[in-house]
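Some notes on the structure that comes next.
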Amino acid sequence: MTDVVIIGGGVVGCALLRELALSGVRCTLLEKASSLVSGASSGNSGMLHTGFDSTPGTLEQRLVKKGYEKLRTLHNAVGLPVNKTGALLTAWTDEELAKLDEVIQRAKENDVRVIRLSPEQIHKREPFLSPGYKGAILVEGEWTVDPFLLPMFYALQASLHDAKILTNWEVSRASFSNNSWILKSTNGQQIQCKWAINCAGLFGDRVESLRTKNIPFNILPRKGQFVVFKSSPLNHMILPLPTEKTKGIIVYPSIYGQLVVGPTATETEERESPSTDKETLQKLREIAKKLVPSLGTEDCLVSYAGVRPATEFKDYQICAHPKQSWITVGGIRSTGLTASLSIAEYVASLLTHNWSELPQKLRIPESELVEEGKKIVSLLKQQSVSHKFQGVNSKDGVFYAASHPLHKVQARL
């Protein structure tokens, strides 16, 4: 029997596996796909958000703020790739210009420093951006990261501390008795644990139905499509004013310098292998060439779609159910990558608070974890090149195929 089973191998599941393993908890991660980072985490934007526009006082806002700082520290300490672009939230009409003060006030409430720019200052920073802007807000801390290597870093460091990872393991049945869970897979395997944690992302409501008939949320998949051009003439992310539903279509340099346009936001029934459509991709190309005329007749290098596990609620759905030895981690949308470390820390605190007999050991000193982390990052970078950005190996030689287009696109350059 293991202490904790984590269901779902996306960025949040991998971050939680690392957090628990570093504290000496015996833990196993179950992923239904053949490789990690295969669900919602395989089609995100690769952005590190400051949370400047988050709703103050929500759990998401608190965890994004803390997670952002923790990720900045981690990237700087161990050398994970990062592109410190900053972002320009740009007003193109007088109406949008009048709304910038509201955005500045929201950023102030969220303790995020922003700077208002004039058209002249914008042009100096972005000479290739199409003219016509009325003003902008500079958010210096908005960065891009490698959305595949980061969760793989979490997974590899967790495995060095005795965490187990099982792929092709789809949980289909669960039973709780004598203060422990027995989880069974679609192919007849089973595992017993004292606590189960649902990090199943796009399938979070279905996994939750194994615990209760009163499912606390419904996954309402929201698809976002992207196009990627070979190189970016821009220095910053160009953000539109966000709406209640979405941050809007962003034009930005990726971690490796490609120009990315997206995401769109449409409701969908697709939870796996989301499709793109010609009409939407053409719309994204037109947006890119309108904002960056120097693209000319250049066509995009690749296109892709991702699906975000939205729910009927605007905030994260994270809750402990101590009588059932279960923790629910749901509704983690586009900010999941940014908040991954703080979500992991928060969930671990729920586990500690609700399970007094949780077996733990003294955490390894941070200096030792940093040195270990540097070696892992060096290995990941070497393997990325040697495998032509198609995947990496675990310490046991298991090959995890690269799942994210913003990582794999390097093989085409």
Short question: side chain of His404, backbone of Asn44 - any donor-acceptor pair under 3.5 Å?
-> yes
Exactly one of Tyr400, Tyr304, Phe389 clears ring pair (Phe, Tyr, Trp, His ring centres under 6.0 Å) with His407, and that residue is Phe389
Could you walk me through whether Leu88 and Val139 pass the side chain to side chain contact (heavy atoms under 4.5 Å, CB included) check?
-> CA-CA 6 Å; Leu88 298 180; Val139 190; over 6 Å; no
Polar side chain donor-acceptor pair, Thr167 to Glu31, under 3.5 angstrom = no
Determine, step by step, whether Glu60 and Thr55 satisfy the side-chain hydrogen bond (donor to acceptor under 3.5 Å, both in side chains) criterion, reporting the C-alpha distance in whole Å, the side-chain angles of both residues, the deciding distance to 0.1 Å, and the verdict.
-> CA-CA 8 Å; Glu60 180 178 21; Thr55 302; over 6 Å; no
Please assess Trp195 against Trp181 for the test ring-ring contact (aromatic ring centres under 6.0 Å, His included), listing each intermediate value before the final yes or no.
-> CA-CA 7 Å; Trp195 276 71; Trp181 283 95; 9.9 Å; no
Does atom CZ of Phe313 have more than 12 heavy-atom neighbours, drawn from other residues, nucleotides or ligands, at distances under 6.0 Å?
-> yes
Rounded to the nearest 0.5 Å, what's the gap from CD1 on Ile332 to CG on Leu337? Could you check?
-> 12.5 Å
Decide side-chain hydrogen bond (donor to acceptor under 3.5 Å, both in side chains) for Tyr68 and Ser342; before the verdict, give the C-alpha distance in whole Å, the side-chain angles of both, and the deciding distance to 0.1 Å.
-> CA-CA 8 Å; Tyr68 173 82; Ser342 57; over 6 Å; no
Assess whether atom NZ of Lys381 is packed by more than 12 heavy atoms of other residues, nucleotides or ligands within 6.0 Å.
-> yes
Going through the distances and angles, do Ser275 and Glu270 end up as a side-chain hydrogen bond (donor to acceptor under 3.5 Å, both in side chains)?
-> CA-CA 8 Å; Ser275 60; Glu270 298 172 281; 3.0 Å; yes
Can you tell me if Asp146 and Tyr256 form a side-chain donor-acceptor pair at under 3.5 Å?
-> yes
Quick check: does any side chain N or O of Asp3 sit under 3.5 Å from a backbone N or O of Val25, one acting as donor and the other as acceptor?
-> no
Pair Asp299 + Lys289, salt bridge at N-O below 4.0 Å | no
Heavy-atom donor-acceptor pair, Asn110 side chain to Gly51 backbone, under 3.5 Å | yes
Main-chain N/O of Glu298 paired with Lys230 side-chain donor or acceptor, under 3.5 Å | no
In this structure, are over 12 heavy atoms from other groups packed under 6.0 Å from Gln105 atom CD?
-> yes
Taking the side chain as every heavy atom from C-beta outward, state whether Thr144 and Leu48 have any pair of such atoms under 4.5 Å apart.
-> no
Indicate whether any N or O donor in one side chain lies under 3.5 Å from an N or O acceptor in the other, for Ser340 and Tyr154.
-> yes
Give a yes or no on whether the backbone of Ser54 and the side-chain of Arg106 come within a donor-acceptor separation of less than 3.5 Å.
-> yes
Salt-bridge criterion met for Glu345 and Lys66 (N-O under 4.0 Å) = yes
Does Glu96 use its side chain to pair, donor to acceptor, with the backbone of Leu241 at less than 3.5 Å?
-> no
Residue pair Asp277 / Gln225, side-chain donor-acceptor N/O under 3.5 Å = yes
Identify whether the distance between the nearest side-chain nitrogen and carboxylate oxygen of Arg26 and Asp162 falls below 4.0 Å.
-> no
Do Lys32 and Phe203 meet the cation-pi criteria used here (NZ or CZ under 6.0 Å from the six-membered ring centre, within 45° of the axis)?
-> yes
Please tell me if the side chains of Val4 and Thr28 come closer than 4.5 Å, counting only heavy atoms from C-beta onward.
-> no
Looking only at atom types and distance, does a side-chain atom of Asp53 sit under 3.5 Å from a main-chain N or O of Ala107, one as donor and one as acceptor?
-> no
Indicate yes or no for a side-chain donor-acceptor contact from Thr58 to the backbone of Asp315 under 3.5 Å, with no hydrogens or angles considered.
-> no
Any donor-acceptor N/O pair, Thr73 side chain to Glu69 backbone, under 3.5 Å | yes
Presence of salt bridge, Lys375 and Glu372, under 4.0 angstrom = no
With distance as the sole test, does Tyr252 use its side chain to make a donor-acceptor pair with the main-chain N or O of Ser45 at under 3.5 Å?
-> yes
Residue pair Ser118 / Glu120, side-chain donor-acceptor N/O under 3.5 Å = yes
